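This report concerns only the one structure given below.
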Amino acid sequence: MVLENLSFLRELNSSQQRVVKTSFGPLLVIAGAGSGKTKTLVCRLAYLVHQGVPPEKILLLTFTRKAAKEMIERASELLKRDCQKISGGTFHSLCQYMLRFYGYLLGYHSNFTILDRSDAEDLLNLLRNSLGFTDKKKRFPKKDTLVTIYSKIINQRKSLEEILSYEYPQFLDFFHEIEKLRIEYNNYKKEHQLMDYDDLLINWLLILKQYPQVRKEVGERYNFIMVDEYQDTNYLQGEIVKYMGEIHQNVMVVGDDSQSIYGFRGANFKNIFEFPNLFKNTKIIKLEQNYRSTQAILDLANIIISNSKIKYTKNLYTLRKEGEKPVLFKAKDEAEASKFIADRVLELREKGVKLSQISVLFRSAFHSFDLEVELSKRGIPFIKYGGLKLLESAHIKDLLSFLKILINPKDFLAWHRILLLLEGVGPKTAEKTINYLKTVEGHLNYILEKIPPQIPTKEVKHLVKLYKELLFKNFSPTEVLIKVWENYYPIFQRIYYEDYLKREKDIESLIALSEKYSSLEEFLTDLVLEPLEVGELGNISKEEEFLVLSTIHSAKGLEWHTVFIISLIEGRFPSYHSLQKEEELEEERRLFYVAVTRAREKLFLIAPTTVYLPGEGRVLAKISRFVQEIPPSLLNYYNETPTHQESTHNTKAVSSCFKIGDLVKHPHFGEGEILEIVSPEKVKVYFEKKGITLLHLKYASLEKLI
DNA sequence: CCGTACAATGTTTTT
DNA sequence: CATTGTACGG
């Protein structure tokens, strides 16, 4: 054996080495934030290959396909040998791949179409209309709510009744309609060779459960399974792992219960503790030494997690130096916060910290809007992760629908979208046309002949001409896209006349992206399984430096020299959605923990004391409970504005507590009198110090004086 | 039956 | 504020 190749092992500590060298049998690794988890995984891959395991026998499941790709590349570098044949990806991409082979067992062809969220919404809308659930007096749940409900049923393994009564009691009246629609939706998908995200998991699991032969074949195909971010898998994914590892038991999973942040989509960190029950004789190894952050940052992180009601499994420690204390800045408003960040960023850059080594993190995508404006004004280049997906914008969906038909002429969802684009075609005509097209068998060019002449538009003729050209010549995906784009352009200009210039950039990005692909099917599948984010492609030059703006969810697994966490106020972080529920509040806390542990050297916590709400103007904000509970000795206070002590009361105010004429006390404005109850959450108050103010009870903490 | 204009409504996180 | 529902004129 050539030992020089294994020199990378020397860089690991003893626990990490044990992880790497435990090749056979079930293994559970509990890896704290910054404990060198990724490095260990990479070394383990390299070690397996070095021991003679063929790369294609290894399956690596990660949270994004990008993460898998990067790990495989790093393993190749370590070994100086190509490991590209390692199968890596997300659970969804694995299931998709498997179902192309084995889907026939459930009656699926290998070219089934995957519905992304908006496709699923469109389909539900269509079915809802045809079931006549639309013209009721009371309001039926909207399409995106429906998708959410149906998905929760599957991922959280609850009944419709449970979900409705727990989270959507206002829709209980529609119980039967919602259930009926769900059945229709499922039937439609089966009939039309469609699967949504959840179907990918469910159907693959179903096959594994029902066919021992498949389990055997798959077990022989992948001898070693590794799963990253196991705390964010749900029950279905756990079961999939169980069955796929059944025959060889060579399954290794890594996770951190205190970093579980995907509960809303059914993830359950208890999966970690269940793992030893799925696999007998599981070895457990903990990685508790943190190599990333300074002691000062880690102290803060440890406090946050120890204030939790849940007892987590590890204690992080570091041998790193003390470091600077994290800085808390209470800004007057968001504009001041943004200015503060821009100033610090420029300072850091002067000192030689690269822009790409700085990030700004937030709970929800819109929290960074103000900052984005400020950064643009100052000419600081940034890139934003999280938020709107490119695929979800209407113009991209339009364009892709043209491609979908080319691949699957029976994709009536795509047909529907295209028909509606044509001038003079509305819902009725589209529906009629589709009902007619459903009866036509054969290839696309034949079907095109049969488009009923009820639509005598020029655009139809263009469409027919376009498809005839595309069908008979062998174009590359990019060429097809350009042809389709040329055809779509007049429609595009007509429909989006207000902002079509802005939208045009997205299309250019899409075309640029398509150049990497040689097959249209692959291109479309990839877009659904790894949705691109708006602007992700706009800045193609990789060498240029960008400040990173990201939701905390999208920042998982990453690290920076300096991290700013913004919008640390009640209602934003923790999000007001979670305020009522203990479990969700705990998840918010873990989310904050994840954010804090992204920082290596410097950490800034930023809370605006007022925020601007659309339509209401400036509203007072209360600093986040997660910040309040940090002992002051762990923080440096930047330029603390001379405000009074924050209220220590945790009571949540609702206007039903107040009536006109009540005397109230506010932490900043002192005593005042209620003038008007504007809505359940808004009150108008007169303060001696400030005058008349509109307060949002979601954000401001108001106490009643007796 | 289509398209437009206006009002209402409710805003997390993602494969 | 952007999406969804309603009212009306062509």
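A, B, ... follow the sequence lines: proteins, then strands. Residue 1 opens every chain. No hydrogens, no waters, no symmetry mates; every other heavy atom, side chains included, goes into these values. Note that the structure is predicted; figures quoted are calculated from it, not measured.
Rounded to an integer number of Å, the gap from CD of A:E167 to P of B:dT13 is 16 Å. In this structure, CE of A:M195 is placed 15 Å from C1' of B:dT15, rounded to the nearest angstrom. Between the CD atom of A:E229 and the P atom of B:dT14 there is a distance of 14 Å, rounded to whole Å. When rounded to the nearest whole Å, the span between NZ of A:K152 and C1' of B:dT15 equals 16 Å. The CZ atom of A:F264 sits 9 Å away from the P atom of B:dT15 (whole-angstrom rounding). Remark: P of C:dA2 and NZ of A:K142 are 14 Å apart, rounded to the nearest angstrom. One atom, CG of A:L591, and another, C1' of B:dT12, lie 10 Å apart when rounded to the nearest Å. Spacing between atom CZ of A:F362 and atom C1' of B:dT12 amounts to 12 Å, rounded to whole angstrom units.
No close placement of the A:H577 and A:F264 rings is indicated, their centers lying 6.0 Å or farther apart.
Within 4.0 Å of A:L529, counting heavy atoms only, lie sugar-phosphate atoms of the nucleic acid but no base atom.
Under the 3.5 Å distance criterion, with hydrogens and angles disregarded, no donor-acceptor pair is assigned to the side chains of A:R589 and A:S258.
A close approach under 4.0 Å does not occur between any side-chain nitrogen or oxygen of A:S578 and OP1 or OP2 of B:dT12. Of the side-chain N and O atoms in A:S554, one or more sit less than 4.0 angstrom from OP1 or OP2 of B:dT14.
Here the nucleotide nearest the side chain of A:S575, chosen from B:dT12, C:dT4, B:dT14, is B:dT12. Set against B:dT14, C:dG5, B:dT12, the side chain of A:E588 has B:dT12 as its closest nucleotide.
A:D199 contributes a side-chain N or O that, together with a main-chain N or O of A:D196, makes up a donor-acceptor pair within less than 3.5 Å. Counting only distance, with no hydrogens or angles, the side chain of A:T597 and the backbone of A:Y593 share a donor-acceptor pair below 3.5 Å.
A stacking contact links A:H577 to B:dT12: the aromatic ring centre lies within less than 5.5 Å of the base's six-membered ring centre, and the planes differ by less than 30°.
Every residue meeting the side-chain hydrogen bond (donor to acceptor under 3.5 Å, both in side chains) condition with A:Y488, not counting sequence neighbours, appears here in chain and number order: A:D398. For the ring pair (Phe, Tyr, Trp, His ring centres under 6.0 Å) test, residues two or more places apart in sequence or in another chain that qualify with A:F63 are A:Y262.
Looking at which nucleotide of DNA chain B each of A:S364 and A:F91 is closest to, the 5′-most match is held by A:S364.
Aromatic ring pairs are classed by plane angle as parallel below 30°, tilted from 30° to 60° and perpendicular above 60°; the pair A:F101 and A:Y97 is perpendicular.
If you check distances only, the side chain of A:R363 does reach the base of B:dT12 with a donor-acceptor pair under 3.5 Å.
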Using nucleotides 2-5 of chain B, report all nitrogen or oxygen pairs with the protein that are shorter than 3.5 Å.
residue, atom, partner, partner atom, Å
B:dC2, OP1, A:G426, N, 2.9
B:dC2, OP1, A:G426, O, 3.4
B:dC2, OP1, A:T429, N, 3.0
B:dC2, OP1, A:T429, OG1, 2.3
B:dC2, OP2, A:K428, N, 3.4
B:dC2, O5', A:G426, N, 3.4
B:dG3, OP1, A:G424, N, 2.5
B:dG3, OP2, A:V425, O, 3.1

